[in-house]
Amino acid sequence: MDLERAYSRIPDRRYADFRAFLEAAGGRGVGEGGRLKPALRWRPECSEEERVVSFPELRAKAEGLGSFLLGRGLGRGGRVAILSENRPEWCVSYLAVVAAGLVAVPLDASLDEAGLLRNLAAARCQALFVSGRLAKRFPALCAAAGLVLDFDLEPGKGEDGRVSFAEAAAAPLSAPLPKAGELGPKAPAVIFFTSGTTGVAKGITLSHGAVIANVNASRMSLYVDEDDVFVALLPLHHTYATTCSFLSGIEAGCTVVVVDRIAPSAVLRAIREGGVTFLIGVPLLFDKVRGGIEAEFSKLPSFPRALLRGALSLSRFSALRLGLPLGRLLFRPVREKAGLGTVRLAVSGGGPLAPATADFFDALGINLVQGYGMSENGPLISVNLPKRKDNRSVGFPVKHTELRIGEPGPDGIGEIQVRSPSLMEGYLDNPEASREALTEDGWLKTGDLGRVDARGFVFITGRRKSLIVTEGGKNVYPEEIEGRFEGSAWIKESLVVGRPSRRGHPGEEVIAVLVPDFEKLALAHPGREKDAAFVESLLREEVQRVNKTLPPYMKLADFLVKDEEFEKTSTRKIKRFIYQEYAKANPRR
């Protein structure tokens, strides 16, 4: 496929730095008669009052805050932490910091105070933007931060050394800001702390040019224009949310509807009231939406339910085989009832999306595409295109990004490696880890295993660190087996791990750790969901079903039942490193 031609539909605006980015953004969203389009919209939880920030206001507030920070003695490259729920002030703070030549350090509010203090100290932050709720929750963090700007502190009411965000934003400029282009693309812009699924926290430093290149890549791959309306519902302290949900929308002149909590009622209300057309989420979100709609379908009498299933099958065939979005017409009432009537495109990232879920959304008339990325690349690496996609794949490399397969085996599978202007500057104060992350010729080693097919689609088969090598020397990719449990009636979560061969030979046997779906069990078999032997018998049937679909070397030798959900990161990925020894620590049945 001619990717350059596909990407050329959207202009590639490579700003020299975020000062230039902010100046350009401030001039967007001006309609006929000078009517100002919202840049950011937010309805706080338990409030009927909506807060709106226009594009010129976004620029003015960011410039005011940036000048305030510089006037308080922060020098170029000084680091400023941001800790808050999703809200417009988070977005304004980010742009204020980076456009002033400072470095933003987004913090994860799901951490405990000790973890936040470690990250604050590691980044050597000189100031902190914080919401009022979190300032009360983490007093030691505020005390350690030095200069604290509180989003909810009223002007003129300084408290415990904290400064009112609104007062600082509205104050006369006290220090000159850099000129557009003065900072340059190589200047550090942001440090994201990420632990992912490995358990080792690292600070990833991205430059102005790296983030801006990735913003453009996102827009160009997904055909974003100024008529779209974005929703920022994923936590903004992640690169995925910042780049794709926030900055891409602002750069394109779109309104970004901000959601402060990922609760179905809050998300659907924001989508419905905001007229959201562009929905970016993680697989769990789309799985839950699908589950909710299917649960409503199951309540229908048998005849209309059968008609509906037939219509879904027809719509799925039309979308996947003929490229005709028949579902846009057939299921419009369903989408509107679900609160998704305005959504034209949905994007899933942050983990593997079940192909069946993508197929379901296609049948429903919502184009759902899957992408792939890493914070170390800003984060977007590849994504399916709206009009050229494969629901089993993570799509094509995005604009500015090269992708190769390192040391492929006979099956074409090897480590996915990438090179782009979005690559990180390195891990914070960790030159050894920074060197280890790259090949000798400068390509990022993702640690993911995959292949590229003849059409150019990228497929991920697993993680190098989670690879299981059997006693016969065969490579087993756990994620491939886990995908076979998708849609199971009785299994909520699955994790496939290795365990030393019971015959004492080198290599491992393949084991599944399964979390039952007790809610579904209670509905289908009232009272028996607490019967361990009964539950295990149902899970054994599921394992047998999956084994019938696997080649001999991949078949599950055993399974373990875990009553509680797996521990996850804030982006809902299972912390695999915790469970690598799980099967070894539990007795064989």
Side-chain angles (χ1 to χ4, degrees), residues 231 264-265 267-273 275-279 281 283-348 352-370 384 386-393 483-492 516-526 528-529 538 541-542 545-546 548-549:
V231 60
S265 58
V267 171
L268 292 176
R269 184 180 75 166
I271 292 173
R272 183 173 54 252
E273 294 181 353
V276 170
T277 64
F278 208 95
L279 174 60
L284 182 64
L285 170 70
F286 297 109
D287 288 340
K288 285 192 171 183
V289 171
R290 173 192 172 193
I293 294 174
E294 288 184 329
E296 292 299 312
F297 287 172
S298 68
K299 297 176 183 178
L300 296 172
S302 57
F303 182 67
R305 186 168 67 244
L307 287 178
L308 192 60
R309 296 295 181 191
L312 272 172
S313 296
L314 176 62
S315 178
R316 186 181 297 112
F317 176 84
S318 172
L320 299 179
R321 299 296 179 86
L322 305 178
L324 300 175
L326 185 61
R328 293 295 295 175
L329 176 64
L330 288 180
F331 292 100
R332 183 174 181 178
V334 174
R335 294 194 308 275
E336 290 179 346
K337 184 178 179 180
L340 302 171
T342 58
V343 177
R344 73 165 182 88
L345 184 67
V347 184
S348 178
L353 175 72
T357 297
D359 292 348
F360 177 83
F361 274 83
D362 284 338
L364 205 64
I366 296 176
N367 193 358
L368 173 58
V369 298
Q370 180 175 197
N384 281 279
K387 294 185 178 180
R388 178 70 168 162
K389 66 176 192 168
D390 183 327
N391 287 341
R392 301 164 301 158
S393 163
R484 307 293 175 99
F485 286 105
E486 293 287 349
S488 167
W490 316 124
I491 296 173
K492 188 171 188 177
D517 192 325
F518 290 108
E519 290 184 9
K520 288 184 178 179
L521 285 165
L523 288 172
H525 305 282
R528 301 203 68 186
E529 73 277 6
L538 293 180
E541 291 176 2
E542 289 295 288
R545 175 186 64 80
V546 167
K548 290 177 181 178
T549 70

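Every value quoted in this text rests on a predicted model; they were computed, and no experiment measured them.
Of all heavy-atom pairs between L308 and L300, the closest is CD2-CD1, 3.7 Å. Annotation for T342 and G275: closest pair OG1-C, 3.4 Å, computed over non-hydrogen atoms. Closest approach of N367 and P386 over heavy atoms only: ND2-O, 2.8 Å. Of all heavy-atom pairs between A363 and F331, the closest is O-CD1, 3.4 Å. Taking every heavy atom of both residues into account, R328 and R344 meet most closely at NH1-CA, 4.4 Å. Across all non-hydrogen atoms, the minimal contact from S315 to D362 is OG-O, 4.2 Å.
Atom CD of E296 and atom CZ of R305 lie 13.0 Å apart (nearest 0.5 Å). Interatomic distance, D287 CG to L353 CG, rounded to the nearest 0.5 Å: 6.5 Å. With values rounded to the nearest 0.5 angstrom, K389 atom NZ is found 6.0 Å from L368 atom CG. Rounding to the nearest 0.5 Å gives a distance of 10.0 Å between CG of L523 and NZ of K520. One finds the OG1 atom of T357 at 8.5 Å from the CG atom of D359 (value rounded to the nearest 0.5 Å). Atom CZ of R528 sits about 8.0 Å away from atom CG of L538, to the nearest 0.5 Å.
A 4.5 Å side-chain heavy-atom check between N391 and Q370 finds every atom pair outside the cut-off. Taking 4.5 Å as the limit, some side-chain heavy atom of L268 sits within range of a side-chain heavy atom of L340. At least one side-chain heavy atom of F360 sits less than 4.5 Å from a side-chain heavy atom of E294. Contact annotation: the side chain of E519 never approaches that of E529 to less than 4.5 Å [non-hydrogen atoms, C-beta and beyond].
In this structure a side-chain-to-backbone donor-acceptor pair under 3.5 Å is present from N384 to S393.
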Going through the distances and angles, do L326 and F317 end up as a side-chain contact (heavy atoms from CB on, under 4.5 Å)? CA-CA 9 Å; L326 185 61; F317 176 84; over 6 Å; no

Using the rule given for side-chain contact (heavy atoms from CB on, under 4.5 Å), can you reason through T277 versus V343, listing the C-alpha separation, both sets of side-chain angles and the distance that settles it, and then say yes or no? CA-CA 4 Å; T277 64; V343 177; over 6 Å; no

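Taking the six-membered ring where tryptophan is involved, the planes of F361 and F286 are perpendicular, since the angle between them exceeds 60° and thus also 30°.
We find that R332 and E336 are joined by a salt bridge, their nearest charged nitrogen and carboxylate oxygen being less than 4.0 Å apart.
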